[in-house]
Amino acid sequence: FLIDLMLVGLVLLLLFHGVASRSSHVTRQGSHLYVNGSQFRFGGCNIYWLGLDENVDGVDYPTHFRVDDVLLTAKAMGATVVRAHTLGISTGNPRSFEPRLNFFNHTALHYIDYAVFQAGRLGLKLVVPLTDNWHYYHGGKHDFTDWRHVPEKDFFTDPQVISDFKNYIAHLLNHTNQYTGVVYKDDPTVMAWETGNEISPPVKWTADISAFLKRLSPKALVLDGTRGVSSASLAVPTVDLYSNHFYPEGNVKVMTENADQSSKANKVFFVGEFGWSHEKPNQLQSWLTALEGTKTCSGDLYWSLFGHLGTHGYEQHGDTYTLHYPGDDKTMLADAQDLRTHAYKMFTNKEPPAHMIPPSPLITELNVGSIAWRGSAAAWKYTVKRKHKNGKWTVICDKCTTDNQTPWKSSTVTTNSCFQVYPHNVAGVQGAPSALKCLNSDRDWWQFEENLL
């Protein structure tokens, strides 16, 4: 029954968001976005590490579980758009798509393929930057100039470097996703290709690269990667979208000026990044209310969402803007609920539906005195049940622990016992339990209990 309830909850969640739109491109008509003829406003998040992660004792590809978990979490929060740097910025690292000049590592695309595939299944649209102004692990414009032994400032002007960048873009956009059979350049899951992250290009370069993208991927939108709205680039006909980044959130004056400026030029504006954490009371709510009321702003994406690790607990990033959902504490819980309510207001102009029922967790460690589990998307609390040999199931932890308190330690975790973990969402609704796992020195009884599954 619990598994059926979980599946019903997921189906309702997807239907509420209009999953049929996953096969439709987001289009622009003047200063507004549309999907299937209906105006499209959005709230969402940045998940920069979807294609390559730096938070796992080095740099490595994220597992399928971690991609599934974080995208389902974004969906549970009402997101309709996700911006993901490492789906398009992948240069200069041994695990990148282009680790060195003109050498393409298709193993990297296997992981990017999966993230794009899963986003599409959930009805999420993607904003994909193609290079970075900064020297981060996933690469940036400096890779292209380093390869040609020219100053980084020449990225925007050197003909050979520009040709190399276009070659990179062409190889990426002409790739066929192994899970969908769809070429990236034709995939409606990609709402927009972003010319770069927080770059400062001359208008000539923006016009050249945006025109190149439009020829390659005519149904996708093009986002100017300049941080802030450039008056000169607003006249570029092959650019659809403009954005700005706000740290901390709250500069409503600049946001509305950017939005109105773009609208007057018949272009779309949205907030590509904002820091959700705050120091002043009600600052986040005031910012979100301003975004909702600024009709010339088509959407916003907070920085940044992280999900569960494959062992136990959440993935940690260590900056001020790391968001775990439903939250690490009551303050983050309240802020995350504000972000969820805001996302639904932007997309539907309605209050959010019932909270998603969490899927099954997975017990990953079981020792005398402690138990740990891989977390469940949207779970706020967990219940632990124990069954002694030849005994009945008893509750040894009634919604008493969270993902930040694993491994859970208790003298009630003993041998000759089996255990299950149940997730609960913020409304207290219970999800499907983990598979049964036993701690026993009696091999025959262990095998008997395992056969009950």
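Everything numeric here is computed off the predicted structure, so don't read it as measured data.
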(request) Check whether any side-chain N or O of Q405 sits under 3.5 Å from a backbone N or O of T402 as a donor-acceptor pair, and report yes or no. (result) yes
(message) Are more than 12 heavy atoms, taken from residues, nucleotides or ligands other than K204, located less than 6.0 Å from that residue's NZ atom?
(response) no
(message) What I'd like to find out is whether the side chain of L362 reaches to under 4.5 Å of the side chain of F65, using heavy atoms alone.
(response) no
(message) With a 4.5 Å cut-off on side-chain heavy atoms, are Y184 and V190 touching?
(response) no
(message) If you compare all heavy atoms of A336 against all heavy atoms of Y325, which two are closest, and at what distance to 0.1 Å?
(response) CB-CD1, 3.6 Å
(request) Report yes if the distance between the aromatic ring centroids of H317 and Y48 is under 6.0 Å, otherwise no. (result) yes
(message) Among residues at least two apart in sequence or on other chains, which ones pass salt bridge (Lys or Arg N to Asp or Glu O under 4.0 Å) with E315?
(response) R66
(message) Contact between W303 and D319 at the side-chain level, heavy atoms closer than 4.5 Å - yes or no?
(response) yes
(request) Can you sort out the partners of V183 under side chain to side chain contact (heavy atoms under 4.5 Å, CB included), two or more places apart, ordered by chain and number? (result) T176, K185, D186
(message) Between D68 and R121 (salt bridge meaning N to carboxylate O under 4.0 Å), is one present in this structure?
(response) no
(request) Would you please indicate yes or no on a ring centroid separation below 6.0 angstrom for W205 and F156? (result) yes
(message) Can you confirm whether I89 sits close enough to Y136 that some side-chain heavy atom of one is under 4.5 Å from a side-chain heavy atom of the other?
(response) no
(message) Strictly distance-based, threshold 3.5 Å: is any side-chain N or O of K345 a donor or acceptor partner for the main-chain N or O of E292?
(response) no
(message) Using modelled atom types and a 3.5 Å cut-off, is there a donor and acceptor pairing between side-chain atoms of D113 and backbone atoms of Q178?
(response) yes
(message) Going by the rule salt bridge (Lys or Arg N to Asp or Glu O under 4.0 Å), which residues pair with D164 if we only count those two or more places apart in sequence or in a different chain?
(response) R148
(message) With heavy-atom distances below 4.5 Å as the criterion, would you say the side chains of P359 and M356 are in contact?
(response) yes
(request) Can you spot which of N93, T86, D132, T91 makes a side chain to side chain donor-acceptor pair (under 3.5 Å) with H138? (result) D132
